[in-house]
Amino acid sequence: MKDSVTIAQDSLNRLLATAKKYSEINKSVDWADFWIIVAIVLVSGILGGLVNYYYNLKKTPDENEVHTIGRSLIIGVGAAIIVPIFLEVTQSKVLQGVINNELNQVVLLVSFCVLAAISSTRFISSVSDSVISRLTKEVKDTKEEAKIAKEEAKEAKQKADVTITAIEQRGGTKTLPGTTKRLLSATKSLSSIDTNDPIKGQFGGKPKDENENFELLLADFTESSVKGWYNLTFKVRALNPSKKPLEGNVTFYLHPTFRPDVEKVKVVNGVALMSKIAWGAFTIGAELEDGTQLEYDLAENTDLPQDFRKR
């Protein structure tokens, strides 16, 4: 035939096996197995309830407990019905064995149900406590996971914010920006600039001016929310404000990987403050409106962490 298609035997076998696999997955409930299990549970519950009733006849009855055959049968059947829950909690494969017509698993299911019916009140109490405990633990674990996820999301956001700020401050370029280059070339030859720390040596080399009127210092140094990064606050102040006050603006010169690498800060209450986030040491320069230059090298501060100073 023109429209016939030849299929290799191994391909056909694989196709049939796949079809069988999906037909087993998607098959509807086998009601025959369901009613067999229901019958086993009910008969076993009735049998266990009878055993429970006649077993307790020999005992001294509790004055507060009415012990009748009807009560024993009802509680026995109820205990037998919750056996599947017990099997699920204990991760038993008995029910699966019954469905697969395994005789030993059928016998085990009958035994479980009869035993549950005999010790009905204790069994019901034990299973209910176990299930409630398990559900409570799952709810608690879910809440804990949600809390952890929320904290991780918050931490991730903080890291992202700090990283964005750091990226904006430190552009990653190793070339000296034109602004810094023009400002420095007025007093120093570019050949004297350290390409790893280009500000070093360009603003007098000391945190105080030669007349000791002003000082550039590290006012604060703390760890940021991102491991390995630190919050830095620099301050320029007058050492003798009554004689030589600090006024106007102070221009700070940072490592060229900061963006921007030059910042003008207004003097407030006699001081000029500037905060940055950094992961390694560098030299910062400061220039006052009267031309005074100050310089501070973080790598020379032995109070700072060694790993930070060596970066």
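This chain uses plain numbering: 1 for the first residue, then up along the sequence. The shown structure was predicted, so the numbers you read here are calculated from the model rather than taken from an experiment.
Nearest heavy atom pair, residue L216 against residue A286, reads CD2-CB, 4.1 Å. Summarising the geometry of G285 relative to I199, their closest heavy-atom pair is N-CG2, 3.5 Å, with the distance given to 0.1 Å. Of all heavy-atom pairs spanning P207 and L294, the tightest one is O-CD2, 3.6 Å. Of all heavy-atom pairs between L254 and P260, the closest is CD1-O, 3.8 Å.
With sequence neighbours excluded, the residues forming a side chain to side chain donor-acceptor pair (under 3.5 Å) with S242 are N240, listed by chain and number. Legend: residues meeting side chain to side chain donor-acceptor pair (under 3.5 Å) with D220, ordered by chain and number and at least two apart, are absent. Residues passing the side chain to side chain contact (heavy atoms under 4.5 Å, CB included) test with L232, sequence neighbours excluded: L218, F221, Y230, F234, A278, F282, L298, F308. For E210, the side chain to side chain contact (heavy atoms under 4.5 Å, CB included) criterion is met by no residue, not counting sequence neighbours. Residues that satisfy the salt bridge (Lys or Arg N to Asp or Glu O under 4.0 Å) test with R309, not counting sequence neighbours, are absent from this structure. In this structure, the side chain to side chain donor-acceptor pair (under 3.5 Å) partners of T233, at least two apart in sequence or on a different chain, are S275. Shown here are the side chain to side chain contact (heavy atoms under 4.5 Å, CB included) partners of V43, two or more places apart in sequence or in another chain: there are none. Residues satisfying the salt bridge (Lys or Arg N to Asp or Glu O under 4.0 Å) criterion with E263, sequence neighbours excluded, are K276. The side chain to side chain contact (heavy atoms under 4.5 Å, CB included) search around K206 returns none, not counting sequence neighbours.
Side-chain heavy atoms closer than 4.5 Å link hydrophobic residues (I, L, V, M, F, W, Y) into clusters, and following such links, possibly through other members, connects I36 to L109. Side-chain heavy atoms closer than 4.5 Å link hydrophobic residues (I, L, V, M, F, W, Y) into clusters, and following such links, possibly through other members, connects V267 to V265. V114 is not connected to I74 by any chain of hydrophobic side-chain contacts under 4.5 Å among Ile, Leu, Val, Met, Phe, Trp and Tyr, and they are in different clusters. Follow the hydrophobic side-chain contacts under 4.5 Å out from L73 and you reach V110 in the same cluster. In terms of hydrophobic clustering, with Ile, Leu, Val, Met, Phe, Trp and Tyr side chains grouped at heavy-atom distances under 4.5 Å, W35 and V106 are assigned to a common cluster.
The CD1 atom of I46 lies 13.0 Å from the OG atom of S72; values are rounded to the nearest 0.5 Å.
No donor-acceptor pair closer than 3.5 Å links the side chain of H255 to the backbone N or O of A281. One N or O on the side chain of R311 and one on the backbone of W279 form a donor-acceptor pair closer than 3.5 Å. In this structure, the side chain of D197 engages the main chain of T283 through a donor-acceptor pair within 3.5 Å. Side chain of S111 to main chain of V107: a donor-acceptor pair is present (N/O by atom type, distance under 3.5 Å, no hydrogens or angles).
You'll find the side chain of T251 reaches within 4.5 Å of the side chain of K264, heavy atoms only. The shortest side-chain heavy-atom distance between S224 and N231 falls under the 4.5 Å cut-off. Side-chain contact between N213 and T292 is absent, with no heavy atoms from C-beta onward closer than 4.5 Å.
Remark: of the listed residues R237, K208, K235, R237 is the sole one forming a side-chain hydrogen bond (donor to acceptor under 3.5 Å, both in side chains) with E215.
Pairs of residues two or more places apart, or lying in two chains, that qualify as salt bridge (Lys or Arg N to Asp or Glu O under 4.0 Å) and include a residue from residues 288-303 are K200-D297, K200-E300.
Through side-chain heavy atoms spaced under 4.5 Å, either directly or across other Ile, Leu, Val, Met, Phe, Trp or Tyr residues, L273 is tied to V271.
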Criterion side-chain contact (heavy atoms from CB on, under 4.5 Å) on M274 and V236, from CA distance to verdict: CA-CA 9 Å; M274 185 191 63; V236 174; over 6 Å; no
Check against side-chain contact (heavy atoms from CB on, under 4.5 Å), F214 and L239: CA-CA 5 Å; F214 304 102; L239 295 174; 5.9 Å; no
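In the displayed structure, N269 atom CG is contacted under 6.0 Å by at most 12 heavy atoms of other residues, nucleotides or ligands.
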